[in-house]
Structure formats: C-alpha cells, structure tokens
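To start, the structure itself, in structure tokens.
No hydrogens, no waters, no symmetry mates; every other heavy atom, side chains included, goes into these values. On a predicted model such as this, the values are computed, not experimentally measured, just so you know.
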Amino acid sequence: MSISNAERWLELCERQAKLVEGLSKAFPERCEQHHLLSESWRELAEKIACENKGFCD
C-alpha cells in the first residue's frame, strides 16, 4: 500500500503517541494502558514507513 502523504502520517502517529504518554501525568493509574496505546501508534508509524520505503528493518 502506498501512502502519498506518509511523512504526515508518521508525524501524526508520533504526536499521538506523545499525547497519550502525556496523559499519564494526569492519570497515573492508567500508565500501563497509555504505554500500550503509545506503542500501537509507533507500530503503525513503523508499518507506514516500511510500506512507503519498500523495506523493513
């Protein structure tokens, strides 16, 4: 799958990951869930980067 605006998607995924991580300051009891959700955003970014460049690490 080719995404014409992959760079923008990568930026948005990282911003979302950081935003979710920041929620742990206000809701420390949800820290583990925030971490898992942040990891999911970063995994999505990795998939986008992989498919856009045609290779994976």
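- Closest heavy-atom contact between Trp41 and Ala17: CB-CB, 4.0 Å.
- Residues Leu37 and Trp9 fall within the same hydrophobic cluster, defined by Ile, Leu, Val, Met, Phe, Trp and Tyr side chains chained together at heavy-atom separations under 4.5 Å.
- Note on residues 17-42: pairs passing salt bridge (Lys or Arg N to Asp or Glu O under 4.0 Å), not counting sequence neighbours, are Glu14-Arg42, Glu21-Arg42.
- Taking CG from Leu19 and NE2 from His34, the interatomic distance works out to 9.5 Å, rounded to the nearest 0.5 Å.
- Residues Ile48 and Leu12 do not share a hydrophobic cluster, clusters being chains of Ile/Leu/Val/Met/Phe/Trp/Tyr side chains in contact below 4.5 Å.
- Note: Leu10 CG to Lys47 NZ = 13.5 Å, rounded to the nearest 0.5 Å.
- Ser40 pairs by the side-chain contact (heavy atoms from CB on, under 4.5 Å) definition with nothing, not counting sequence neighbours.
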